[in-house]
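FYI, side chains are in, hydrogens and waters are out, and symmetry mates aren't considered; it's all heavy atoms of this structure.
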Number of protein chains: 2
Amino acid sequence: MSKSLEHAARWFHALADETRLRIVHRLSEGEQCVCDLTDVLGTGQSLLSFHLKTLKEAGILRDRREGRWVYYSLNLEALEEIEKLVGSLKAMNGRLQAALKCCE
Amino acid sequence: MSKSLEHAARWFHALADETRLRIVHRLSEGEQCVCDLTDVLGTGQSLLSFHLKTLKEAGILRDRREGRWVYYSLNLEALEEIEKLVGSLKAMNGRLQAALKCCE
DNA sequence: TTGACAAATCAAGAAAAGTTGATATATTGG
DNA sequence: CCAATATATCAACTTTTCTTGATTTGTCAA
């Protein structure tokens, strides 16, 4: 755990922003090119680029260039790891609860 | 989803810090009083208080006063919701993949 | 090759979050 | 009630992150 803390924190930080969550949600429908994501933000293109970079560097998105366009998609492995991590945080606690329940 | 985005972002933000993850990890062993958590941080007590507050306000921790001491514990429901949320982000994508696989 | 479009990068400023030390509040034991 | 201990809050400061507009890079089509 201790070594992966930094990594985990980076994951959560990447998800800790409404706009980025909106992007991830959009991409959960499947791969999309940047140009199709522009409407997610009311504002400038550079900001979208910034958020995409943040998510990509955290390992949550992958990108792929195809001619003029760049396509982004979710990295499902990362999301799975995050899901497991969250699960593991409550896991031990749950076990303790269960253990206590049996001894009431 | 759209209405809960802000809430979700607050959850992830609360978890987007190594120290707070360390606290959560500690608490996954069960409820602990603040005084037992002081060693999680190398530094001052007010900082610990700040991080606990951040986690509590995000709904991830509960607190309970018992005499002079305040005990913090995980809010398992919140962690479960977070886990489900992360799962749902990859879910549709997974379904699409599965759907495609069957038609190869 | 040039012009047009997609996307990334950069620099500068604004906003938010983290950190620190000092002080306040609450509770209990003496 | 007073002194001691646990925890929270506050104000000031530092650091990080977000946002914007301008510039750059890459790719294609004419």
Side-chain angles (χ1 to χ4, degrees), chain A residues 5-27 30-75 82, chain B residues 5-27 30-75 82:
Chain A
L5 271 186
E6 189 191 337
H7 198 210
R10 217 179 311 144
W11 276 337
F12 289 124
H13 169 258
L15 296 173
D17 178 280
E18 277 196 56
T19 302
R20 290 195 289 267
L21 282 177
R22 216 170 286 127
I23 291 171
V24 170
H25 189 232
R26 250 318 193 62
L27 292 178
E31 186 185 61
Q32 304 209 24
C33 78
V34 178
C35 56
D36 287 334
L37 288 169
T38 45
D39 62 315
V40 169
L41 256 58
T43 41
Q45 171 265 322
S46 67
L47 186 53
L48 175 56
S49 212
F50 166 77
H51 286 305
L52 286 170
K53 187 184 178 189
T54 303
L55 283 163
K56 182 187 161 191
E57 287 184 341
I60 291 173
L61 300 189
R62 301 186 175 296
D63 66 341
R64 167 177 83 81
R65 174 151 229 144
E66 193 174 316
R68 263 195 266 203
W69 296 275
V70 175
Y71 290 85
Y72 280 85
S73 58
L74 296 185
N75 179 4
I82 296 171
Chain B
L5 271 186
E6 188 190 339
H7 198 210
R10 217 179 313 144
W11 275 338
F12 289 124
H13 169 258
L15 295 173
D17 178 281
E18 277 195 57
T19 303
R20 290 196 290 267
L21 282 177
R22 216 170 285 128
I23 292 171
V24 169
H25 189 232
R26 252 314 193 66
L27 291 178
E31 187 185 62
Q32 303 209 25
C33 79
V34 178
C35 55
D36 286 333
L37 289 169
T38 45
D39 63 315
V40 171
L41 256 57
T43 40
Q45 170 267 322
S46 68
L47 187 53
L48 175 56
S49 213
F50 165 79
H51 285 304
L52 287 170
K53 187 184 177 189
T54 302
L55 284 163
K56 183 188 161 189
E57 287 183 342
I60 291 173
L61 300 188
R62 301 186 174 299
D63 66 342
R64 168 177 82 81
R65 172 151 230 141
E66 193 173 315
R68 264 195 265 202
W69 297 275
V70 175
Y71 289 85
Y72 280 86
S73 58
L74 296 185
N75 178 4
I82 296 171

Practice task
Name the nucleic acid region contacted by B:Thr54, choosing base, sugar-phosphate or nothing; use a 4.0 angstrom heavy-atom cut-off, strictly under.
Solution key: nothing
Handout entry: Side-chain N,O (B:Ser46) to OP1/OP2 (C:dA22) below 4.0 Å
Key = no
Problem - Separation of atom CG in A:Asp17 from atom C1' in D:dC18, rounded to whole Å - result: 8 Å
Problem - Sugar-phosphate or base contact per nucleotide [nucleotides 23-30 of chain C; S, B, -; heavy atom under 4.0 Å] - result: ----BSS-
Exercise for the section: Take atom CG of B:Asp36 and atom P of D:dT5, then tell me their distance rounded to the nearest Å. Expected result: 17 Å
Practice task
Kindly check if the number of other-residue, nucleotide or ligand heavy atoms within 6.0 Å of CZ (A:Arg62) is above 12?
Solution key: no
Problem - Nucleotide nearest A:Phe50 when distance is taken to its side chain, options C:dG18, D:dC18, D:dT9 - result: D:dC18
Exercise for the section: Answer with base, sugar-phosphate or nothing: what part of the nucleic acid does B:Thr19 contact at a heavy-atom distance below 4.0 Å? Expected result: nothing
Fill in the blank from the handout: Side-chain contact check for A:Val34: nearest option of C:dA8, D:dA6, C:dT19 is C:dA8
Practice task
Applying side chain to side chain contact (heavy atoms under 4.5 Å, CB included), run through A:Trp11 and B:Leu15 and close with a yes or a no.
Solution key: CA-CA 9 Å; A:Trp11 276 337; B:Leu15 295 173; over 6 Å; no
Handout entry: Separation of C:dA8 P from A:Leu37 CG (nearest whole Å)
Key = 10 Å
Practice task
Looking at every strand, decide which applies to B:Tyr72 at a 4.0 Å heavy-atom threshold: base, sugar-phosphate, or nothing.
Solution key: sugar-phosphate
Handout entry: Phosphate contact (C:dT20 OP1 or OP2) by B:Thr43 side-chain N/O below 4.0 Å
Key = yes
Problem - Side-chain N or O of A:His51 closer than 4.0 Å to phosphate OP1/OP2 of D:dT19 - result: yes
